[in-house]
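Labels below follow one simple rule: chain letters A, B, ... track the order of the sequence lines, proteins then strands, and each chain is numbered from 1.
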Amino acid sequence: MIPKEVIMKKVYRMENLCCANCARKIEEGIKKIPGVTDAKITFMTMKLTLEGEDSLFDGILAEAKKVARKVEPDCEILG
Amino acid sequence: MTRRQKRDLTRVLAAGALFAVALFLPLSGWMQGVCFALPYLVVGYPVLRKSVLSLLRGEWMNEAFLMTVASLGAFFLGEYAEGVAVMLFSAVGELFESYAVGKSRNSVTELMSLCPDRATVLREGEWVSLSPEEVGVGETVRVLSGEKIPLDGTVLKGRSSLDTRSLTGESLPRDVEEGDAVFSGCVNLSGVLELRVEKPFEESTASRILALVEDATSHRTKTETFVASFARWYTPLVIALALLVGTVPPLIFGEWSVWIYRALEFLVVSCPCALVISVPLTYFGAIGGASRRGILVKGSDRLDALAKVRSLVFDKTGTLTKGVFEVVSAEGENPKEILLIAALCEQYSNHPIALSLRNAWGEDLPNRTVSDLTERAGLGVSASVDGVTYFVGNEAWMRRQGLTPYPTDAVGTRVFVGNEQTCLGVITLADRVKENAADAIASLRRLGIRRMTVLSGDRKESVERVAEALELDGFSAELLPEHKVEEFRALASASSEEIVAFVGDGMNDAPVLAAAPLGIAMGGIGSDAAIEAADVVLMRDDLSALPVALSLARKARGIVLQNLVFAIGVKILVLVLCTLGFADMWYAVFADVGVSVLAILNAMRTLSKKN
């Protein structure tokens with residue numbers, strides 16, 4: 001368990017995400033990234049809520065972008 | 001339509017035309033193949049590109065790749081038309097899906113255009129136009145007639161009526177004057193208002209509602225979790241079945257092309273998109289539709305809970321009753337005179353009962369000489385009216401003057417009026433039941449709410465009277481605020497199989513709202529505690545929104561279940577028919593795209609303006 005103090009939570013906008021099933025797959029993929037405590041993609045608002053260890057956050061975000069592009073080649077996570 | 005949608009539409013239309021031509025050209029063999037390849041490439045290009053790209057990244061179990069395999073497979077088997085159809089119709093389906101999602105997203109953000117983008121603020125003696133984010137608490141903003149109020153504030157100068165429809169769904173304008181609190185998102189209908197800003201932009205009412213509604217679909221329901229795990233297993237399962245169908249039977253019976261064709265049909269049906277999209281789309285539409293009616297639902301899961309509610313517990317004061325004392329009866333030789341004397345003697349008092357007495361008299365008080373006014377806290381007042389001494393107050397006050405209280409059967413708070421000789425009469429005040437409460441309760445009964453009870457801190461007789469008047473199933477009275485939570489828990493556990501919701505106004509029942517499995521707050525506009533603690537907020541102080549909220553929630557839940565059964569049912573049916581050879585690829589295309597479109601159309605019903 002990662003202690004609460006070092007967890008960071010951020011919301012990102014997503015672009016070119018055009019299928020709900022892909023959103024689900026990306027979400028599940030992001031959840032498996034080490035250091036991620038929770039991830040949620042709300043397809044209706046095209047938002048990704050990412051929660052993970054603060055010190056690893058940059059790496060997590062880069063990895064999340066990779067996961068997204070693997071499932072949906074044009075998909076972008078902004079920010 | 002977005003640019004992307006327009007581009008896709010052009011693609012679909014062009015491919016459709018080419019496809020029609022190819023269908024009618026009397027060609028055969030490879031010439032025919034070339035003719036069909038044209039529309040195939042036009043409409044299928046994005047899918048082909050995507051499947052190659054994701055294949056390069058090591059991802060092959062996606063819709064694009066499976067579509068590519070299915071359609072190319074059909075081509076190689078010489079079923080050109082089917083090959084094109086798979087691509088063409090899936091493009092149509094996707095276009096439709098993106099249009100539908102965009103439309104419902106817009107209908108929610110349109111409602112949320114209640115946040116104005118400019119505020120006119122006083123800076124160094126001049127009015128300047130700024131973005132509301134830049135305005136700080138304590139600054140003065142000006143709102144002209146026809147403009148939206150940019151930030152929550154208090155009226156410093158001016159009077160006007162406000163259109164609160166976008167916040168509360170209420171069409172009657174609300175009058176405001178100096179000192180009144182106003183909320184962002186309301187439209188100033190008449191005069192010019194100057195406001196003192198009380199809350200920064202992000203914490204103002206309109207912004208908070210926007211955030212809540214936008215965020216609502218991120219709280220997932222059990223159904224969504226089920227759909228997600230279904231989707232996780234469905235695609236691999238169907239692919240495995242396709243492999244099985246494409247290899248095992250032909251090894252036994254031969255006829256490779258027949259069985260491979262059937263396997264390709266499986267691939268066409270392998271995308272669970274219809275299901276995955278229709279559930280959040282339904283909830284999003286319903287939550288958006290509800291907020292347009294002044295009903296704020298804080299999550300899809302709460303909407304689902306609302307649909308399942310079979311039992312309600314109400315708070316009394318401010319929820320079922322107005323929370324203001326009103327005169328129910330005036331008794332005595334001359335009731336009108338009794339009321340007048342009471343109003344005259346109480347004319348300078350700030351006590352809520354004094355206020356109600358003056359309101360009950362209604363007209364201006366006649367010019368009589370009132371002198372020697374004395375007030376005794378907890379008892380009443382005495383005063384001399386045109387030289388006669390009167391006593392106005394409770395029973396104890398009468399007994400103190402040696403008077404026998406006037407006899408009465410009326411239930412409520414009693415105010416006696418007497419002179420030095422005798423008690424002349426009695427006025428009874430009570431907290432009145434809201435006008436539309438009975439109708440709302442009746443509607444709730446018709447919606448199948450089995451048990452409705454009331455909780456209150458008030459005296460037993462008063463609570464009982466309200467419970468009887470509204471034909472409720474029970475009541476608990478004389479509860480201290482801290483005991484309300486315990487009492488609610490006891491009531492809720494007594495009916496264990498159902499979800500019990502609590503309906504309150506958030507004034508002193510915020511703990512119960514928070515503790516209840518489903519807390520419904522009334523008249524939430526401006527009440528932070530209520531919005532914070534509740535799961536559902538009725539922005540308008542009006543019980544009739546409750547049955548509306550309930551039917552909306554049930555409608556949404558119904559649609560979700562229909563789509564679930566329909567989509568899974570059709571897919572399984574088509575898979576069986578394909579295996580047995582009763583269905584060609586057109587059926588598979590229908591099971592994929594047709595079902596998706598129908599499920600989306602069904603989900604879009606939540607956006608309809610009618611209830």
Side-chain angles (χ1 to χ4, degrees), chain A residues 4 7-53 57 59-79, chain B residues 4-5 8 46 49-59 61-64 90 93-95 97-98 101-102 104-105 108-109 211 213-220 224 227-232 234-235 270-285 287-288 300 596 600:
Chain A
K4 261 220 158 86
I7 289 182
M8 164 106 119
K9 186 176 175 181
K10 273 194 170 177
V11 181
Y12 299 95
R13 230 161 57 76
M14 301 189 73
E15 227 165 52
N16 290 331
L17 176 62
C18 47
C19 111
N21 196 34
C22 305
R24 179 189 63 77
K25 280 196 224 164
I26 297 173
E27 176 182 302
E28 281 170 10
I30 292 177
K31 274 187 186 159
K32 287 192 194 122
I33 300 171
V36 170
T37 46
D38 197 17
K40 198 174 247 180
I41 294 177
T42 311
F43 181 68
M44 291 308 298
T45 49
M46 294 275 170
K47 273 182 189 155
L48 161 69
T49 312
L50 190 56
E51 228 183 81
E53 211 170 317
F57 217 82
I60 289 176
L61 183 60
E63 198 60 34
K65 286 182 179 176
K66 230 185 257 174
V67 171
R69 230 165 286 149
K70 187 172 164 184
V71 177
E72 182 113 62
D74 296 322
C75 179
E76 302 268 1
I77 298 173
L78 303 179
Chain B
R4 192 197 172 95
Q5 285 171 343
D8 290 350
R49 174 179 166 265
K50 194 169 154 185
S51 60
V52 171
L53 282 177
S54 46
L55 201 59
L56 288 177
R57 292 194 170 96
E59 166 83 25
M61 216 185 268
N62 62 35
E63 199 196 355
S90 85
E94 210 161 280
L95 188 63
E97 181 184 312
S98 103
V101 169
S104 76
R105 201 178 282 147
V108 171
T109 41
V213 173
E214 276 211 325
D215 210 33
T217 44
S218 68
H219 302 270
R220 294 191 185 150
E224 275 172 289
V227 167
S229 36
F230 176 83
R232 197 176 307 131
Y234 178 76
T235 310
S270 68
C271 180
C273 265
L275 269 180
V276 181
I277 182 63
S278 79
V279 180
L281 189 64
T282 307
Y283 288 123
F284 194 73
I287 288 169
S300 313
S596 194
I600 289 170

Rounded to the nearest 0.5 Å, how far does OG1 of T45(A) lie from CZ of F284(B)?
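The CZ atom of F284(B) sits 6.5 Å away from the OG1 atom of T45(A).
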Atom pair CD1 (I287(B)) and CE (M44(A)), whose distance is rounded to the nearest 0.5 Å
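Reported value, rounded in 0.5 Å steps: 10.5 Å.
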What closest approach, in Å, do [X] and [Y] show between heavy atoms, and which atom pair accounts for it?
| X | Y | answer |
| --- | --- | --- |
| K50(B) | P73(A) | CG-CD, 3.4 Å |
| N62(B) | V71(A) | ND2-O, 4.4 Å |
| N16(A) | R4(B) | OD1-NH1, 3.1 Å |

State, yes or no, whether a side-chain contact exists between [X] and [Y] at a heavy-atom distance under 4.5 Å.
| X | Y | result |
| --- | --- | --- |
| F43(A) | V101(B) | yes |
| R24(A) | V227(B) | no |
| C22(A) | E63(B) | no |

Which portion of [X] sits near chain A, non-hydrogen atoms under 4.5 angstrom:
| X | value |
| --- | --- |
| R49(B) | side chain |
| L281(B) | both |
| S98(B) | neither |

With chain A, which of A64(B), G58(B), A228(B) has the greatest number of heavy-atom pairs at distances under 4.5 Å?
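Most heavy-atom pairs under 4.5 Å with chain A: A228(B).
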Pick from K40(A), M46(A), E72(A) with the largest number of heavy-atom pairs that fall under 4.5 Å of chain B
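Heavy-atom pair counts peak at K40(A).
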Among residues at least two apart in sequence or on other chains, which ones pass salt bridge (Lys or Arg N to Asp or Glu O under 4.0 Å) with K47(A)?
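Partners of K47(A) under the salt bridge (Lys or Arg N to Asp or Glu O under 4.0 Å) test: E214(B).
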If the contact rule is any heavy atom under 4.5 Å from chain B, which residues of residues 62-70 of chain A qualify, in numerical order?
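Within residues 62-70 of chain A, the residues that come under 4.5 Å of chain B (heavy atoms only) are R69(A), K70(A).
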Check this for me: does any side-chain nitrogen of one of E27(A) and R220(B) sit under 4.0 Å from a carboxylate oxygen of the other?
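Salt bridge between E27(A) and R220(B), a charged N being under 4.0 Å from a carboxylate O: yes.
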